[in-house]
Every structure is written in structure tokens, then in C-alpha cells.
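To start, the structure under review is shown below, and the notes come after it.
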Protein chains: 2
Amino acid sequence: MLTHAEENYLKVIYHLSQTEDQGISTNAIAQKIDTKASSVTDMIKKLKEKDLITHEKYQGVFITQLGMYTAKMIIRKHRLWEVFLVDKLHFNWDEVHDVAEELEHIKSEKLINALDAFLGFPKEDPHGDPIPNAKGEIPYREKELLTETEENNNYMCVGVKDTSVAFLQYLDRQKIALGSTFMVLKHENFDHSVTILFQENELTLSKVVAQNLFVKKI
Amino acid sequence: MLTHAEENYLKVIYHLSQTEDQGISTNAIAQKIDTKASSVTDMIKKLKEKDLITHEKYQGVFITQLGMYTAKMIIRKHRLWEVFLVDKLHFNWDEVHDVAEELEHIKSEKLINALDAFLGFPKEDPHGDPIPNAKGEIPYREKELLTETEENNNYMCVGVKDTSVAFLQYLDRQKIALGSTFMVLKHENFDHSVTILFQENELTLSKVVAQNLFVKKI
DNA sequence: AAATATTTTTAGATTTGTCTAAAATTATAA
DNA sequence: TTATAATTTTAGACAAATCTAAAAATATTT
């Protein structure tokens with residue numbers, strides 16, 4: 001059984017491992033958890049002791065199979081609770097993160113599987129991120145960044161890379177939500193902005209925005 | 001902001017205060033929390049510092065107005081989550097306590113009020129205990145113990161005093177649930193058992209059972 | 001009312017998770 | 001390739017919540 005702190009570290013190590021085939025550095029973890037490197041070193045010892053990660057002094061952290069499965073169960077809980085908050089309690093997608101960070105630590109397999117069924121076995125959370133199933137399998141969904149799209153093709157918005165309140169509220173103001181469809185009109189070479197035809201209007205999205213919107217060709 | 005431990009102590013002190021107009025003794029708290037008296041003394045200092053209780057050395061604990069309100073908000077959360085588990089996730093009434101003990105510590109006023117609305121502003125939890133509203137008001141419901149009833153009158157089961165798994169499963173086996181109706185046939189003087197006419201059968205309930213069943217005359 | 005028992009508090013220790021400051025190691029640069 | 005910089009670990013400290021053992025206060029009993 002893991003403490004809340006151990007679960008939070010493990011989740012961060014899992015996410016960092018997704019885009020890193022080297023060992024994860026102590027500093028990288030410290031930065032994500034917003035803590036000091038010395039605290040991370042201490043926690044590394046505890047997670048290693050529980051066979052969730054491997055670690056040699058000064059060599060970075062690798063997550064084990066057990067660690068990956070455990071992390072995916074935490075992520076499963078987080079994302080299912082987010083769906084609950086949005087679908088059932090009518091939270092906005094920018095309001096769910098902090099509450100889900102607390103709810104993800106509730107320890108009851110029966111609870112989370114019953115919640116999954118109650119929600120209709122959703123495949124994605126309110127930000128378009130995939131929800132691991134009870135076995136730890138993560139459903140694949142085709143998607144690409146708006147920056148990678150082709151002009152004069154139609155796309156549907158299927159996810160956000162940045163899930164910050166600021167970005168989500170920006171999208172709300174532009175009336176862009178998951179499921180929104182549009183045509184890509186022009187990739188501007190100069191500033192890498194993307195102009196789309198959305199709800200009968202031309203809308204220009206900056207590079208930063210385009211780099212954080214996942215879309216799918218339709 | 002309170003820690004989980006502080007909330008658990010406060011809840012226990014609140015419950016003990018309901019049936020005690022003296023100060024609550026250190027030992028009484030220790031017994032309920034299943035901890036040592038010395039640990040209780042330490043925690044008393046913390047709760048006193050936060051103005052949730054008053055306490056003079058060796059004199060027992062009294063809960064303050066702030067303490068009562070705070071405790072009722074925790075109980076509100078506990079009972080609303082129990083309703084959610086039973087009504088929405090189809091938990092049995094004997095399976096909800098431990099999970100609700102965890103869920104009651106989730107800190108979000110918006111969450112708990114949205115949950116209240118989602119559940120249709122229930123007045124009672126799955127054991128018939130009243131749910132404080134957002135202001136801390138506790139709805140009153142007429143009820144008496146089965147031991148106090150009159151022969152040849154009709155009653156409805158409206159709550160349980162003992163919420164242990166053993167008692168709840170016993171009631172399940174007898175097919176007695178909240179809302180069940182029956183006629184009280186006989187109070188047996190010898191052993192204080194109560195015989196009822198329930199679903200066309202005579203059923204004799206022991207003194208222990210009758211002392212823990214809340215009913216209402218219909 | 002003094003002796004005994006019980007309750008409560010204090011003192012000091014332990015575990016978890018954090019910190020600062022210093023030491024050890026690795027990486028970078030002149 | 002040595003000097004410098006950055007990273008990582010260790011050492012020691014602290015707060016929260018717990019414990020045991022002993023001391024202090026209160027309650028009970030003869």
C-alpha cells in the first residue's frame with residue numbers, strides 16, 4: 001500500500017518515462033513535484049525498496065513493470081474522476097484537475113470499477129487523454145498536433161496537450177471544445193500560426209496554441 | 001485547513017458531545033479513535049489552538065460553535081458520499097462506510113454541493129442518518145427505537161443505530177430494509193424480544209436488534 | 001481522610017516527508 | 001586535462017502523528 005506522496009512521485013516518474021529513454025534525473029522529478037532534490041533522493045529510496053523503480057547512485061531512475069502498472073491505476077482513477085466531475089457534476093474542464101488529484105488517492109478497487117461502469121466505460125478524460133482500463137491497457141486514438149496538419153483538410157479537435165487553466169479558458173473563449181470541427185486554411189510560415197475555418201469564421205491560432213491542440217483528420 | 005487526523009478527531013468529539021453534557025474525556029476519545037490517551041492529549045492541543053474545542057487540563061473537552069459547524073460539514077460529506085455509493089454505484093449499505101471515511105476528507109465545497117444537487121438533495125444517508133445541509137442545519141425526522149413501540153400498531157423502518165457490517169447483513173437476511181413496514185405484535189417481557197408481522201410472517205427480533213432499529217409509526 | 005486506583009499529561013522516541021547546508025560525483029569548459 | 005560548474009547524495013534538523021514509560025492530577029475506596 002502506497003502513501004499519497006509515494007503515489008504522486010510514481011505518477012510523475014511514469015509521465016517523465018513516456019518521453020525519455022534515459023534514466024529520469026532527480027532534478028527533473030524535483031521540478032515536477034515542486035520540491036528539493038534531496039527530498040527526491042529520499043523518496044527514490046522508498047520507491048526502489050518497493051520495487052516500483054530501479055536506481056543506481058547518480059544514474060537516474062527507471063520505472064519497473066510493477067511501477068508502470070501501479071502508475072496506470074492511479075492515472076485511471078484520476079481520469080475517471082475527471083469524467084465524473086464533468087459529465088455528472090457539470091464541472092468545466094478547467095476545474096477538475098485539483099479535485100481529481102485528491103480523488104485519485106482513494107483506495108478501493110470496487111469503487112473505481114463501479115465508477116467506470118457508471119460512466120459507461122469512457123475511453124478518454126475531458127482533455128482527450130486516454131483512460132487505462134482495469135488491466136492497465138491504454139486505448140490508442142489517432143491524433144496529431146494542429147501544427148502537423150495539411151491545408152484544405154478537415155479536422156476534429158480530440159485533445160489538448162497543455163491542460164492548464166489558462167489554455168483551457170482560452171479555448172472556451174474561442175468556442176473550441178473536444179469534438180469541434182474545422183478546416184485548416186493556412187499555415188503561416190513567418191510565425192507558424194494556423195488559420196482555420198471554424199463555425200463559418202476565419203480564426204487564426206498562434207504557434208503556441210497550435211502546438212497544444214490535438215486533432216484528427218475527418 | 002485541517003489534516004485528515006484532525007478531522008477524524010473532531011468528528012469523534014462531535015458525536016460524543018451529542019450524548020454528553022459533561023466534558024468529553026481523553027479516554028473516551030482514545031477508545032473511539034483506537035489510539036492511546038497520550039496521542040489524544042497531543043491532538044487536543046492542536047484542535048484547541050484552532051478554536052475547534054475548549055479544554056482545561058484534566059477537565060475534558062467541549063466542542064465550540066466553530067468545531068460543531070466544521071464537524072457537521074465533514075459528516076455532510078461522509079453521508080452524501082454514502083448516498084452516492086448506494087444510489088449510483090449500487091453498493092450495499094454494509095459496504096459504504098470505509099470508502100466514505102476516505103471520501104469525506106476531499107476538500108472542495110463546489111464538489112460537495114454539486115454532489116448534493118446531483119443526488120437530489122437527499123435528507124438521509126443509506127442508514128437513515130440525517131444529512132446536514134450546506135448551512136449545517138440537520139433535518140429532523142421523527143423516529144423511535146423498536147423497543148419503545150406499542151403492540152398492534154404499524155411501523156416503518158427508518159434507520160439503524162448500529163451501522164456495523166454484522167448488523168446490516170443480519171437485517172439483509174431478514175429482508176428488513178429502510179422503508180420496510182410491519183405491525184408490532186408482542187413485546188416479550190421475559191427477554192425483551194419483539195415479535196412483528198412482516199410480509200405475512202411472524203418474525204421475532206431479539207432485544208439487541210430491537211434496540212438498534214429506528215422506526216416510525218404509520 | 002489517607003491509601004489506592006484510575007485518568008491524564010509529560011517526556012522522550014519513532015516514522016514520514018520535508019528542508020538546508022555540505023560533501024561527493026558527474027558534466028562542461030577553458 | 002585540469003578547473004569549474006552542475007547535479008546528486010548525505011547529514012542533520014523539523015513538523016505531524018504516533019508510541020511507551022513515567023509523573024502528575026483526579027477519583028474511589030476503605
Side-chain angles (χ1 to χ4, degrees), chain A residues 1-14 16-17 20-63 67 70-71 74 101-102 104-107, chain B residues 1-14 16-17 20-63 67 70-71 74 101-102 104-107:
Chain A
M1 199 90 307
L2 301 183
T3 64
H4 289 199
E6 286 169 339
E7 290 193 343
N8 286 335
Y9 274 89
L10 186 62
K11 203 172 43 144
V12 162
I13 291 167
Y14 172 83
L16 289 172
S17 297
E20 179 66 75
D21 44 0
Q22 320 271 89
I24 309 302
S25 77
T26 301
N27 263 358
I29 299 166
Q31 189 227 308
K32 283 279 179 190
I33 303 266
D34 193 27
T35 189
K36 302 292 164 176
S38 56
S39 305
V40 175
T41 301
D42 287 344
M43 185 57 87
I44 284 172
K45 286 180 197 146
K46 293 169 192 162
L47 296 179
K48 186 183 173 183
E49 186 58 38
K50 297 187 176 186
D51 290 320
L52 298 162
I53 59 172
T54 59
H55 180 245
E56 297 304 324
K57 266 193 195 174
Y58 296 101
Q59 296 312 129
V61 165
F62 292 87
I63 192 162
T70 308
I74 302 164
E101 285 286 297
E102 290 193 60
E104 75 187 3
H105 300 298
I106 303 293
K107 295 200 165 34
Chain B
M1 200 88 309
L2 301 184
T3 65
H4 289 198
E6 286 169 339
E7 290 193 343
N8 286 334
Y9 273 89
L10 185 62
K11 204 171 45 144
V12 162
I13 292 167
Y14 172 83
L16 290 171
S17 298
E20 178 67 74
D21 45 359
Q22 319 271 89
I24 309 303
S25 77
T26 301
N27 263 357
I29 298 166
Q31 191 227 308
K32 283 278 180 192
I33 303 267
D34 193 27
T35 189
K36 302 291 164 180
S38 55
S39 305
V40 174
T41 301
D42 287 345
M43 185 56 87
I44 285 172
K45 285 180 197 144
K46 291 171 193 163
L47 296 179
K48 186 183 174 183
E49 185 58 38
K50 296 186 176 185
D51 290 319
L52 298 162
I53 59 173
T54 61
H55 181 246
E56 297 304 324
K57 266 192 196 176
Y58 296 99
Q59 294 313 128
V61 164
F62 292 88
I63 193 163
T70 307
I74 301 164
E101 285 287 296
E102 290 192 61
E104 73 187 4
H105 300 297
I106 303 293
K107 296 202 165 30

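Computed from a prediction, not measured in an experiment: that's the story for all the values here.
For B/K45 and D/dA15, the NZ to P distance is 15 Å, given to the nearest whole Å. Spacing between atom OH of B/Y58 and atom P of C/dT9 amounts to 6 Å, rounded to whole angstrom units. Regarding A/E6, its CD atom lies at a distance of 12 Å from the C1' atom of C/dT15, rounded to whole Å. If you measure from atom NZ of A/K57 to atom P of D/dT7, you get 20 Å, rounded to the nearest angstrom. Between the NZ atom of B/K36 and the P atom of C/dT15 there is a distance of 17 Å, given to the nearest Å. A/E56 has its CD atom 16 Å from the C1' atom of C/dT26, to the nearest Å. Rounded to a whole Å, the CG atom of A/N8 is 17 Å from the P atom of C/dT16. Rounding to whole angstrom units, NE2 of residue B/H55 and P of D/dA25 are separated by 14 Å.
Residue B/T41 places at least one side-chain N or O closer than 4.0 Å to OP1 or OP2 of C/dT9. Phosphate contact (OP1/OP2 of D/dC19, side-chain N/O of B/S39, threshold under 4.0 Å): present. Between B/Y9 and D/dT18 there is a side-chain polar atom (N or O) within less than 4.0 angstrom of OP1 or OP2. Here A/N27 reaches the OP1 or OP2 of D/dT8: one of its side-chain N or O atoms lies under 4.0 Å away. Within the structure, a side-chain polar atom (N or O) of A/K46 is placed less than 4.0 Å from OP1 or OP2 of C/dG17. The side chain of B/T3 contributes an N or O atom lying less than 4.0 Å from OP1 or OP2 of D/dA17.
Annotation for A/I24 and A/A28: closest pair CG2-CB, 4.4 Å, computed over non-hydrogen atoms. The minimum heavy-atom distance linking B/T41 with B/T26 is given by the pair OG1-CG2, 4.0 Å. The heavy-atom pair separating B/E102 from A/H105 by the smallest distance is OE1-O, 3.9 Å. In plain terms, the two heavy atoms of B/F62 and B/Q59 that are nearest each other are CE1-O, 4.4 Å.
Across all strands, B/T26 comes closer than 4.0 Å only to sugar-phosphate atoms, never to a base (heavy-atom distances). The residue B/H4 sits apart from the nucleic acid: no heavy atom pair falls under 4.0 Å. Base contact: A/A37 has a heavy atom under 4.0 Å from a base atom.
Salt bridge B/E7/B/K107: present, at least one basic N to carboxylate O contact under 4.0 Å. Residues B/K11 and B/E101 are paired through a salt bridge, judged by an N-O separation under 4.0 Å between the basic side chain and the carboxylate.
Distances were taken from every side-chain heavy atom of A/S38 (C-beta onward) to each of D/dT18, D/dA11, C/dT9; the shortest belongs to D/dA11. Each of D/dT26, C/dT20, D/dT18 was ranked by its minimum atom distance to the side chain of B/Q59; first place goes to D/dT26. For B/I44, counting side-chain heavy atoms from C-beta on, the closest listed nucleotide (C/dT18, C/dT9, C/dT20) is C/dT9. Nearest nucleotide to the A/S25 side chain, out of D/dT8, C/dC19, C/dT10: D/dT8.
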